[in-house]
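A short worksheet on the structure shown next.
In this chain, numbering begins with 1 at the start of the sequence shown.
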Amino acid sequence: MNETILTGIKPTGKLHIGNYFGAIKPALELAKERQGSTMFFIADYHALNFLKDREKFKEYTYDVAATWLACGLDDENLVFYRQSDVPEIFELNWILSNITPKGLMNRAHAYKAIVENNLSEGKESDDGVNMGLYNYPILMTADILAMNSTYVPVGDDQKQHVEIAREIARIFNNTYGETFILPKEIISKNVGTIPGLDGRKMSKSYNNTITLFCDEQELKKKINRIVTDSSLPDEPKSTDCYIFKIYSLFANKTQIEEMTRKFERGISWGEVKKETFEVANSYLKDMREKYNYYISHPEIIETFLKKGAVLAREKASEVLKKVRENIGKVNF
Ligand code: ADP
Ligand code: TRP
């Protein structure tokens, strides 16, 4: 079978090292390992339920694009596009809305969490919920099914969304006959959840991120802000701490072993932070340069995206042709 690996990132803020190690890097590695086609896209219309600022919407869209490009997206078999350039996705979104049980959306984690939070604060259950947010899993399903995707690499938090996509595909196939491949999520196990500066999950929503391509000064400042305990410099330290986890993301095996020995012997947090900055900076340096290049040349980004949109539309058009036939749409 011809496999398609597909994943998307929504432009809701500047990407951080959690996004890189949790989503971008594993997706790029998977694309290298597997035969078949790979599709990476900017899930820009997914950001609209949250973002209502024109300038930020543009800025974050280019940030996601430049990040993918800087991280080494150059494979020949890879299609890179912007969701909003593919109208077929939105047609499919509507068709799928009509076979999706409302209860399936009520059970989606992201929506449920907001409802629970509202209730606990004594607000109305749907306070602040727009239909874009409520229907988010259907649009994500359309993203996945429009490209006939077989595998969807995502972080653990997106697992349920891919399960919903599989369920909607199954309902469609039962209603109208075999049309869609049932997609499967691929969760990268080895990185887990990357902690933020305060130790909670690193997330744009918590304001605790290390922006992936911030400048050196900013990187140093952020690393210095990572929470540590109050142990003295010469006291032995446990490697089960946030700073060690961040250090290990950027360091090689030998460096990690050496740092482990330093922790056993005793090392000051200041020194650990300094070394963390050094490994992080040398890991990110070249990619940051490429990122800055793309950010200052949006026309090059546009060229990539336009080329990608043509290929993505070709694929989605084939899928939609079959969908329209199967639902009995009449063409005069
Ligand atoms: P955020 O929480 O910052 O808004 P998104 O929800 O946009 O991030 O996530 C985009 C991708 O990055 C998803 O695949 C998600 O699983 C991954 N990701 C986000 N934060 C982390 C983290 N702290 N650790 C690992 N992966 C993450
Ligand atoms: N919902 C995903 C996130 O928040 C982004 C996304 C949108 C996506 N459409 C997708 C991921 C399709 C994989 C496949 O991270």
Looking only at the side chains, is there a donor atom on one of Y291 and D63 sitting less than 3.5 Å from an acceptor on the other? yes
Is R200 close enough and on-axis enough to Y206, meaning under 6.0 Å and within 45°, for cation-pi? yes
Kindly indicate, with the supporting measurements, whether the criterion side-chain contact (heavy atoms from CB on, under 4.5 Å) is fulfilled by R288 and N281. CA-CA 9 Å; R288 186 196 297 132; N281 195 44; 2.6 Å; yes
Determine, stepwise, if the pair K159 / D156 fulfils salt bridge (charged side-chain N to carboxylate O under 4.0 Å, His left out). CA-CA 5 Å; K159 186 170 184 280; D156 210 25; over 6 Å; no
May I have the step-by-step check of salt bridge (charged side-chain N to carboxylate O under 4.0 Å, His left out) for K222 and E218, ending in yes or no? CA-CA 6 Å; K222 286 285 178 81; E218 177 77 10; 3.7 Å; yes
Between Y45 and F90, how do the two ring planes meet: parallel, tilted or perpendicular, split at 30° and 60°? tilted
Between F244 and F263, how do the two ring planes meet: parallel, tilted or perpendicular, split at 30° and 60°? perpendicular
From CA spacing to verdict: side-chain contact (heavy atoms from CB on, under 4.5 Å), R166, I144: CA-CA 9 Å; R166 195 155 59 235; I144 295 171; over 6 Å; no
Atom CD of E121 with >12 non-hydrogen neighbours under 6.0 angstrom: yes
When clusters are formed by joining ILVMFWY residues with side-chain heavy atoms under 4.5 Å apart, either directly or through shared neighbours, do I300 and V64 land in the same one? yes
Do V310 and L320 share a hydrophobic cluster, counting only Ile, Leu, Val, Met, Phe, Trp and Tyr and linking them when any side-chain heavy atoms are less than 4.5 Å apart? no
Does the side chain of S231 pick up a donor-acceptor pair with the side chain of D229 at under 3.5 Å? yes
Nearest heavy-atom contact between A169 and I181 is CB-O, 4.3 Å
Hydrophobic cluster membership, with links at side-chain heavy-atom distances under 4.5 Å among I/L/V/M/F/W/Y: are I99 and M131 in one? yes
Correct closest heavy-atom pair for F277 and E216 would be CE1-O, 3.5 Å
Should N19 and L212 count as side-chain neighbours, where that means a heavy-atom distance under 4.5 Å? no
Is there a ring-ring contact (aromatic ring centres under 6.0 Å, His included) between F80 and F41? Walk through the geometry before answering. CA-CA 5 Å; F80 176 52; F41 71 99; 9.6 Å; no
Nearest heavy-atom neighbours spanning P236 and E264: CB-O, 3.2 Å
Can you see which heavy atom on A165 is nearest to which on T141, and at what distance? CA-OG1, 3.4 Å
May I ask you to check whether H16 and Y20 place their ring centres under 6.0 Å from each other? no
Over-ring placement of K274 relative to W269, 6.0 Å and 45° cut-offs: no
Got more than 12 heavy atoms from elsewhere within 6.0 Å of NZ, K253? no
Is the backbone N or O of T254 less than 3.5 Å from a side-chain atom of E257, with the two atoms forming a donor-acceptor pair by type? no
Could you walk me through whether N292 and F213 pass the side-chain contact (heavy atoms from CB on, under 4.5 Å) check? CA-CA 8 Å; N292 286 335; F213 296 128; 5.6 Å; no
For atom CG of N207, is the number of surrounding heavy atoms from other residues, nucleotides or ligands below 6.0 Å larger than 12? no
Worked verdict on K273 versus I243 for side-chain contact (heavy atoms from CB on, under 4.5 Å): CA-CA 7 Å; K273 288 182 175 178; I243 183 91; 3.8 Å; yes
For A142 and L92, the nearest pair of non-hydrogen atoms, with its separation, is O-CD2, 3.8 Å
What is the distance from atom CG of L73 to atom CG of L78, rounded to the nearest 0.5 Å? 4.5 Å
Report yes or no: do N49 and N130 form a side-chain donor-acceptor pair below 3.5 Å? no
Test log, rule salt bridge (charged side-chain N to carboxylate O under 4.0 Å, His left out), inputs R265 and E235: CA-CA 7 Å; R265 269 187 266 135; E235 273 182 71; over 6 Å; no
Work out which heavy atom in P183 is nearest to a heavy atom in V162; give both atom names and the distance. O-CG1, 4.4 Å
Checking N173 side chain against T179 main chain: does a donor-acceptor pair fall under 3.5 Å? yes
Report yes if some heavy atom in the side chain of V319 is under 4.5 Å from a heavy atom in the side chain of E88; otherwise report no. no
Does the ring center of Y134 lie less than 6.0 Å from the ring center of Y111? yes
Assess whether atom CD of E318 is packed by more than 12 heavy atoms of other residues, nucleotides or ligands within 6.0 Å. no
Apply salt bridge (charged side-chain N to carboxylate O under 4.0 Å, His left out) to the pair K262 and E275, showing each step before the final yes or no. CA-CA 12 Å; K262 288 184 187 166; E275 291 195 31; 2.9 Å; yes
Suppose we call two aromatic rings close when their centres sit under 6.0 Å apart. Are F21 and F250 close by that rule? yes
Can you find a side-chain donor-acceptor pair between D44 and S84 that sits under 3.5 Å? yes
Classify the side-chain pair K315/T4 by whether it contains a donor and acceptor separated by less than 3.5 Å. yes
K204 and T12: side chain donor to acceptor below 3.5 Å: yes
So do the side chains of I5 and P153 get within less than 4.5 Å of each other, counting heavy atoms only? yes
For residues N118 and E124, is any side-chain donor paired with an opposing acceptor at under 3.5 Å? no
I want to check a possible cation-pi pair here: R34 against Y151, using under 6.0 Å from ring centre and within 45° of the ring axis as the test. yes
Under 3.5 Å, is there a donor on one side chain and an acceptor on the other for D143 and H46? yes
Is there a path of hydrophobic side-chain contacts, each under 4.5 Å between heavy atoms of I/L/V/M/F/W/Y residues, joining L69 to Y293? yes
Taking I114 as the starting point, is it possible to reach L119 by hopping between hydrophobic residues whose side chains are less than 4.5 Å apart? yes
